[in-house]
**Student:** 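One structure, pasted below without further comment.
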Number of protein chains: 2
Amino acid sequence: MASNSKNIFKEILKKEGLRYTQQRQLVWDELKNSHDHRDAENIYMCIRNNGLNVSRATVYRTIDVLVKNRLVRKMDVGDGRNRFEPRLNDDHHDHMICQNTGDIIEFFNEELEILQEKIANDLGYTVVRHVHQLFVKPLTK
Amino acid sequence: MASNSKNIFKEILKKEGLRYTQQRQLVWDELKNSHDHRDAENIYMCIRNNGLNVSRATVYRTIDVLVKNRLVRKMDVGDGRNRFEPRLNDDHHDHMICQNTGDIIEFFNEELEILQEKIANDLGYTVVRHVHQLFVKPLTK
DNA sequence: TTCAGGATGAGACTCATTCTCAATAAGGAA
DNA sequence: TTCCTTATTGAGAATGAGTCTCATCCTGAA
């Protein structure tokens with residue numbers, strides 16, 4: 001629960017040799033319960049709107065730590081602003097972005113994961129991470 | 001050959017209601033014979049280094065037209081600078097980016113293409129375009 | 001050859017993100 | 001609990017890829 005994810009966060013800071021601060025906690029609080037795909041500015045503004053004060057620089061700096069330690073996933077939707085989402089349960093998925101509505105739909109397909117690892121292996125590589133985004137339009141029937 | 005791709009280019013300009021200019025041709029010349037994945041600045045500098053003068057703005061503007069008309073493919077490698085490559089033969093492929101060397105390796109897998117269309121279909125969509133990048137490391141044996 | 005309107009170039013501008021640095025605060029030591 | 005070293009913070013400047021502006025130039029139809 002809440003205290004659990006807080007502990008995970010503290011452990012990561014310790015592992016990285018970083019101090020536990022109010023500001024870092026606020027950024028993680030803001031991110032960890034969101035189910036959207038939010039940009040840094042949105043996270044910054046939400047914290048501000050709660051009457052709390054954290055600078056943009058700190059938001060970015062903290063997100064970097066979270067991304068590096070896989071508590072948060074960073075995604076490039078192609079409009080110049082990165083989006084972030086929590087990955088507490090480490091449920092890997094990829095994204096479909098609807099060209100009509102801008103909706104972001106998550107999907108996961110085991111077969112796809114296996115196939116891409118095989119493709120890399122055949123060329124002498126192993127996949128460290130990947131980006132797989134489908135820019136789609138609704139099927140019309 | 002050369003004259004052929006030149007004609008394709010001219011036709012596209014006409015179709016778009018745009019004029020054929022020296023500058024546009026220079027940008028297309030620079031791009032069409034390259035087998036690398038180059039950024040806009042590189043294309044701009046190469047033209048300059050040949051003693052020719054085309055502005056950065058025109059390079060970007062022309063690339064937009066080429067991308068829109070599928071003579072050039074735009075790819076986001078994740079470092080903030082888009083890369084471009086010609087796609088005269090319209091040979092679709094995806095990319096593997098080696099984390100150790102920065103090398104960009106092209107790959108194509110039919111099964112993958114079919115699978116992702118199926119995934120989209122199952123959710124009521126059809127794939128317009130996609131981004132599939134594998135960030136890899138060499139297999140050590 | 002003419003000329004209307006599209007194209008260009010130089011540089012200003014945008015905007016997400018990063019950097020700077022003086023002031024602040026975490027947290028180990030005593 | 002207090003002290004003190006040093007990481008962290010915030011405000012705003014800086015960066016950098018890409019876009020926009022607008023006076024001037026040039027294409028191409030007639």
Side-chain angles (χ1 to χ4, degrees), chain A residues 6-7 9-31 37-48 50-69 72 74-84, chain B residues 6-7 9-31 37-69 72-84:
Chain A
K6 187 166 178 175
N7 287 336
F9 182 52
K10 281 189 171 178
E11 275 165 34
I12 278 171
L13 290 178
K14 184 176 289 180
K15 178 173 73 71
E16 292 278 330
L18 301 169
R19 292 177 180 173
Y20 173 79
T21 65
Q22 269 309 303
Q23 290 87 334
R24 284 178 173 152
Q25 183 64 56
L26 286 172
V27 174
W28 176 223
D29 281 346
E30 189 57 43
L31 254 168
H37 304 80
R38 308 161 71 190
D39 59 30
E41 185 65 18
N42 177 275
I43 290 157
Y44 168 72
M45 286 313 296
C46 286
I47 295 173
R48 291 232 134 195
N50 289 338
L52 303 164
N53 196 30
V54 172
S55 70
R56 245 178 279 263
T58 296
V59 170
Y60 278 105
R61 284 186 286 230
T62 304
I63 288 175
D64 280 350
V65 176
L66 292 168
V67 169
K68 182 180 172 192
N69 287 278
V72 165
K74 179 180 192 169
M75 57 180 288
D76 185 333
V77 183
D79 66 356
R81 267 173 302 140
N82 286 311
R83 302 300 154 81
F84 305 95
Chain B
K6 189 166 179 176
N7 287 335
F9 183 52
K10 282 188 170 179
E11 275 165 35
I12 279 170
L13 290 178
K14 184 176 288 180
K15 177 171 75 70
E16 291 279 330
L18 301 169
R19 292 178 179 170
Y20 173 78
T21 65
Q22 268 309 303
Q23 289 88 336
R24 285 179 173 149
Q25 182 64 55
L26 284 172
V27 173
W28 175 223
D29 281 346
E30 190 57 44
L31 255 167
H37 305 78
R38 308 162 71 190
D39 60 28
E41 186 64 17
N42 177 274
I43 290 156
Y44 169 71
M45 287 311 296
C46 285
I47 294 174
R48 292 232 134 196
N49 291 342
N50 288 338
L52 304 163
N53 195 30
V54 172
S55 70
R56 244 178 278 263
T58 296
V59 169
Y60 279 106
R61 285 188 284 230
T62 304
I63 288 175
D64 281 349
V65 176
L66 293 167
V67 169
K68 182 180 173 195
N69 288 279
V72 165
R73 172 199 269 234
K74 179 180 190 167
M75 57 179 289
D76 185 334
V77 183
D79 66 355
R81 266 173 303 139
N82 286 311
R83 302 302 155 80
F84 304 95

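Throughout, protein chains are lettered first and strands after them, A, B, ... in sequence-line order, and every chain is numbered starting at 1. Quick note: numbers below take in every heavy atom, side chains included, and nothing from hydrogens, waters or symmetry partners.
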**Student:** Where along residues 42-55 of chain B does a heavy atom come under 4.0 Å from DNA chain C, residue by residue in number order?
**Tutor:** B:R48, B:N53, B:V54, B:S55
**Student:** Considering non-hydrogen atoms only, spot the tightest contact between A:F84 and A:L31 and give its length.
**Tutor:** CB-CD2, 4.0 Å
**Student:** Any chance you could measure A:K10, atom NZ, to A:L18, atom CG, to the nearest 0.5 Å?
**Tutor:** 14.5 Å
**Student:** Return the CG to CZ distance between B:N82 and B:R73, rounded to the nearest 0.5 Å.
**Tutor:** 12.5 Å
**Student:** Base, backbone or nothing for each nucleotide of nucleotides 23-30 of chain C, written B, S, -, heavy atoms under 4.0 angstrom, 5' to 3'?
**Tutor:** ---BS---
**Student:** Sequence neighbours excluded, which residues qualify as salt bridge (charged side-chain N to carboxylate O under 4.0 Å, His left out) partners of B:R24?
**Tutor:** none
**Student:** For residues A:V54 and A:R48, report the shortest heavy-atom separation together with the two atoms involved.
**Tutor:** O-NE, 4.2 Å
**Student:** Which pair of heavy atoms, one from A:H37 and one from A:R83, lies closest together, and at what distance?
**Tutor:** O-CD, 3.6 Å
**Student:** Are B:F9 and B:N69 packed together at the side-chain level, in the sense that at least one heavy-atom pair is separated by less than 4.5 angstrom?
**Tutor:** no
**Student:** Please find the earliest and latest nucleotides of DNA chain D, in the 5' to 3' direction, that have an atom within less than 4.0 Å of any heavy atom of chain B.
**Tutor:** D:dA17 to D:dG28
**Student:** For A:E41, does the CD atom sit with more than 12 other heavy atoms under 6.0 Å from it, leaving out its own atoms?
**Tutor:** yes
**Student:** Do B:I43 and B:I63 come within less than 4.5 Å of each other through their side chains, counting heavy atoms only?
**Tutor:** yes
**Student:** Atom pairs, N/O to N/O, protein against nucleotides 15-20 of chain C, distance under 3.5 Å?
**Tutor:**
| unit_1 | atom_1 | unit_2 | atom_2 | d |
| --- | --- | --- | --- | --- |
| C:dA16 | O3' | A:G80 | O | 3.3 |
| C:dT17 | OP1 | A:N82 | N | 3.0 |
| C:dT17 | OP1 | A:N82 | ND2 | 3.1 |
| C:dT17 | OP2 | A:Y60 | OH | 2.6 |

**Student:** Heavy atoms, side chains only, cut-off 4.5 Å: are A:V77 and A:M75 in contact?
**Tutor:** yes
**Student:** Looking at every non-hydrogen atom in both residues, tell me the closest pair between B:V59 and B:A40 and how far apart they are.
**Tutor:** CG1-O, 4.0 Å
**Student:** Can you tell me how far CG of A:N53 sits from OH of A:Y44, rounded to the nearest 0.5 angstrom?
**Tutor:** 7.0 Å
**Student:** Taking all non-hydrogen atoms of both residues, which atom of B:L13 and which atom of B:R19 are closest, and how far apart?
**Tutor:** CD1-O, 3.7 Å
**Student:** Report for the helix from C:dT1-D:dA30 to C:dA30-D:dT1: angle between first-end and last-end helix axes, five pairs each, rounded to 10 degrees.
**Tutor:** 30°
**Student:** Does the B:D79 side chain pair with the main chain of B:R81, one donor and one acceptor, at a distance under 3.5 Å?
**Tutor:** yes
**Student:** Would you compute the distance between atom NZ of A:K14 and atom CG of A:N7 and round it to the nearest 0.5 angstrom?
**Tutor:** 10.0 Å
